[in-house]
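The chains referred to below are lettered A, B, ... by the order of the sequence lines, with proteins before strands, and numbering in each begins at 1. The structure presented is a predicted model; accordingly, all values stated were derived computationally and were not measured.
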Protein chains: 2
Amino acid sequence: MATRTLSVKSVIDAGAALAREKGLPALGVRALAARLKVTPMALYRHLPDGDALSSAVLDALLLELPVLPAAGKPLDQLRAWATDARAMLRTCGGLAHHLLLHWFELPRALEVVESLLGAAEQLGFKGFEAVAASNAVFTYVLMRVQLEESLRKANVLQRKLPALRGLPRLAKNAAEYRVARVDAHFEYGLNLLIEGLDRRS
Amino acid sequence: MATRTLSVKSVIDAGAALAREKGLPALGVRALAARLKVTPMALYRHLPDGDALSSAVLDALLLELPVLPAAGKPLDQLRAWATDARAMLRTCGGLAHHLLLHWFELPRALEVVESLLGAAEQLGFKGFEAVAASNAVFTYVLMRVQLEESLRKANVLQRKLPALRGLPRLAKNAAEYRVARVDAHFEYGLNLLIEGLDRRS
DNA sequence: ACCTGAACACCGTTCAAGT
DNA sequence: ACCTGAACACCGTTCAAGT
């Protein structure tokens, strides 16, 4: 058969490549059409609209979301997943946000939540508390990644602080605030979470 | 003197009213100009561009950010602030996001962080740990509000779950997932955080 | 069935002109 | 100094036409 120039798969694959290279905001209908050397309207044969394009691309990229390590103590599993998932989600802006909104529709994400729930149950949590505990870890990682993306995009990872008169504690710790220490704060917050879970278990 | 039709203040005030009524996305240059019965270009006399408009409006709205209650045990102060701040930030979409990016430039926010640091010091934290502890509470509240806004906007507070074959724990707790229980999860996550802080103090 | 081309609606914004 | 009006660049998208 004659190879048509486009297909749903080729559009999404090209979209994924574009998103990886230049970020999700660069994934526009016109931009992707130009990359495929095709008219913008050609894409509408294969996808309903621009949002469906972004959504399909993000779904595809999220197939690589890491799952829980099979072995280890529950709290160690949770900590390891948090670190792995954060690393993966940082590879392309918008992944964390999409996952926060659509995890319950994505097979891979459902698997992850299932195993987070498993860890929570091993810690002795049941019902709402098991859900809330696994949710706390899941959303913590995703929200943090989203925050880091926002800080980077807005160019406020490094800050010029104003005068701190009347704010002695901030002044004393000013060095800690001039650069957003996102790695250290991610880990500290994760530790608080884990210790909270440990105490309740 | 003749009352000019516009001024920086009148533009920002009208922008704040528009944002409160119809949300931040409705705060466009053209929309605000229409509300002020003026040409879009008239606004550029008073503000450099559309981003400056949003930013100034959000700065203005954030003057009402609550501060820490003066009295009480440190952990109770933190918990109370978290609840109050969440309530205020929910009044207009985009506030939490703006605060996450620009707190260090906003006098009121600096006051808040100063007093969060005070609570952390009362718990016995010093240096990086005091900063990280107060930051954990501060960002937790802001990130959660942002998440709730996203869920609302994307219309996924109520979900139609897919088949959960092979996912026994999700299936068992499906009722917990059909509606995003944002209030309960906010509180649970906050409790984990507070208990983590308590344990470390 | 698949793709093209011209056009429209909607942004923010620049530039030149009015008063 | 302040505001208007026309125009431009950039989106996504509809519609009619080509093959």
Any donor-acceptor pair under 3.5 Å from Ser10(B) side chain to Leu6(B) backbone: no
Its 5'-most and 3'-most nucleotides having an atom under 4.0 Å from a non-hydrogen atom of chain A, DNA chain D is contacted over dC11(D) to dC15(D)
Could you check whether any side-chain N or O of Tyr140(B) sits under 3.5 Å from a backbone N or O of Phe186(B), counting only pairs where one atom can act as donor and the other as acceptor? yes
Ordered by number, residues from residues 11-29 of chain A within less than 4.0 Å of DNA chain D (heavy atoms) are Gly28(A), Val29(A)
Sequence neighbours excluded, the answer for side chain to side chain donor-acceptor pair (under 3.5 Å) partners of Lys73(B) is none
Worksheet entry | Under 3.5 Å donor-acceptor, Ser115(B) side chain and Glu111(B) backbone | yes
- Can any side-chain N or O of Glu149(B) pair as donor or acceptor with the backbone N or O of Gly94(B) at less than 3.5 Å? yes
field: Heavy-atom neighbours of Glu187(A) CD exceed 12 at 6.0 Å
entry: no
Q. Counting distance only, does the side-chain N/O of Arg108(B) pair as donor-acceptor with the main-chain N or O of Leu65(B) below 3.5 Å?
A. yes
Symbol by symbol from the 5' end, with Watson-Crick or G-U pairs under 3.5 Å, [ ] crossing and | another strand, DNA chain C is ||.|||||...|||||.||
5'-most contact on DNA chain C (nearest-nucleotide basis), Asp51(B) vs Val38(A), goes to Val38(A)
Residues 28-57 of chain B vs salt bridge (charged side-chain N to carboxylate O under 4.0 Å, His left out), sequence neighbours excluded, gives Glu21(B)-Arg35(B)
How are the rings of Phe128(A) and Tyr188(B) set relative to one another: parallel (under 30°), tilted (30 to 60°) or perpendicular (over 60°)?
perpendicular
Walking DNA chain C from its 5' end, the first of Arg30(A) and Ala31(B) to be reached, judged by nearest nucleotide, is Arg30(A)
Contacts of Tyr177(A) meeting ring-ring contact (aromatic ring centres under 6.0 Å, His included) (sequence neighbours excluded), chain-then-number -> Trp103(B)
